[in-house]
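Only one structure is covered here, and it is reproduced in the block below.
All figures in this text were calculated on a predicted structure; none of them were measured in a lab.
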Amino acid sequence: MEVWIGRDGERHGPYKEVDVRQWLRSGQVSPQDLGWYEGLADWQPLSILFPDEVRAAPPAFTPPPAPPYEAGARAMDASAALADYAGFWKRVAAYILDALVLWIPNMLLSSLFGANEAAETYLQAKLAAGSDPQLALQAFDTYLHALGPALMAQTVVTWLYFAACESSAWQGTLGKRALGIRVTDLTGGRISFMRATGRYFGKLLSAFILCFGFLMVAWTQRKQGLHDMLAQTLVLNGRPGEEPSSRSPSRDQGSLSA
């Protein structure tokens, strides 16, 4: 017997009955496809024409559900990453690298705004003043006024460097990125430029109080300095986009903010 197969409004065949049966068993044709052979009044589904072959066909593969561990593991990894605070030596090393990065532009600004010449002038005036304290104070006051523009320019450049880098997709300065640490908000997310600005000027306050704001990192629970607390930020191990580290959170109790 020869069988015609109808699919998508088109007729195919005729095919041998044994082939159609084999195709049903292997899934090459669907039981819902229509079939017709000589003697039938109308087209009928193959599941009706060959019901024994449909029952013999293997069940469709259903992928097993994802194990519940995955979601829980991801949540645990994220929680572990938020507790993986950057330690003391990494942050100090990152600060030293940043200081080296800023050294060249700061020296250029000093030269451009006459700070070097002002320093030489001050030394000469100090030597000329001898033991006269009034002349020495006048020379120092003149030096500070001459140094002011250079200091202001250096402060602006340093602020923009830290604020722009820490609020960027890098979430850290060149020094921090080289050491594999990043600045985040309290949920591990990227901070805004305004928050990075507040964090930078908070460092000035931390330094102004005899660096006590930096030393607070040694005993605070999340290793935050005063500037971190004011800006509500964390410094964590790992670069943005990296998978959470499998190591346990850092236990360096001597951490110092950078």
CA sep, side-chain torsions, deciding dist, call: Gln44, Leu34, side chain to side chain contact (heavy atoms under 4.5 Å, CB included): CA-CA 5 Å; Gln44 296 186 24; Leu34 298 177; 5.9 Å; no

Joint cluster assignment, [X] & [Y], ILVMFWY side-chain distance < 4.5 Å:
X	Y	answer
Val18	Tyr15	no
Val157	Met152	no
Leu204	Trp159	yes

Closer than 3.5 angstrom, by distance alone: can the side chain of [X] be matched with the main-chain N or O of [Y] as a donor-acceptor pair?
X	Y	value
Asp98	Gly175	yes
Asn106	Trp103	no
Ser206	Gly202	yes
Arg182	Lys176	no
Arg190	Ser167	yes
Gln224	Thr233	yes

Any chance you could measure [X], atom [atom1], to [Y], atom [atom2], to the nearest 0.5 Å?
X	Y	atom1	atom2	value
Leu179	Tyr95	CG	OH	14.5 Å
Leu108	Gln154	CG	CD	10.0 Å
Met216	His227	CE	NE2	10.0 Å
Phe193	Cys165	CZ	SG	10.5 Å
Asp33	Leu49	CG	CG	11.0 Å
Asp228	Arg199	CG	CZ	4.5 Å

Within-4.5 Å side-chain heavy-atom neighbours: [X] and [Y]:
X	Y	value
Val101	Tyr161	yes
Leu234	Leu186	yes
Leu205	Leu226	yes
Lys90	Asn237	yes
Leu236	Ile181	no
Glu17	Phe50	yes
Gln22	Val29	no
Ile209	Phe214	no

Indicate the atoms forming the closest heavy-atom contact of [X] with [Y], along with that distance.
X	Y	answer
Ala169	Pro240	O-CG, 3.4 Å
Phe162	Leu102	CE1-CD1, 3.9 Å
Ala86	Arg91	O-CD, 3.6 Å
Ala163	Thr197	CB-OG1, 3.8 Å
Leu109	Ala150	O-CB, 4.3 Å
Ile191	Asp185	CG2-N, 3.5 Å

Salt-bridge contact Arg195-Glu166 (side-chain N to carboxylate O under 4.0 Å): no

is_close_aromatic(Trp219, Phe212), centroid dist under 6.0 Å: yes

Steps toward side chain to side chain contact (heavy atoms under 4.5 Å, CB included) verdict (Tyr85, Arg222): CA-CA 7 Å; Tyr85 310 114; Arg222 292 184 287 186; 2.9 Å; yes

From CA spacing to verdict: side chain to side chain contact (heavy atoms under 4.5 Å, CB included), Trp23, Leu46: CA-CA 11 Å; Trp23 295 340; Leu46 294 177; over 6 Å; no

Chi angles and distances behind the salt bridge (charged side-chain N to carboxylate O under 4.0 Å, His left out) call for Lys16, Glu2: CA-CA 5 Å; Lys16 294 181 180 180; Glu2 293 185 332; over 6 Å; no

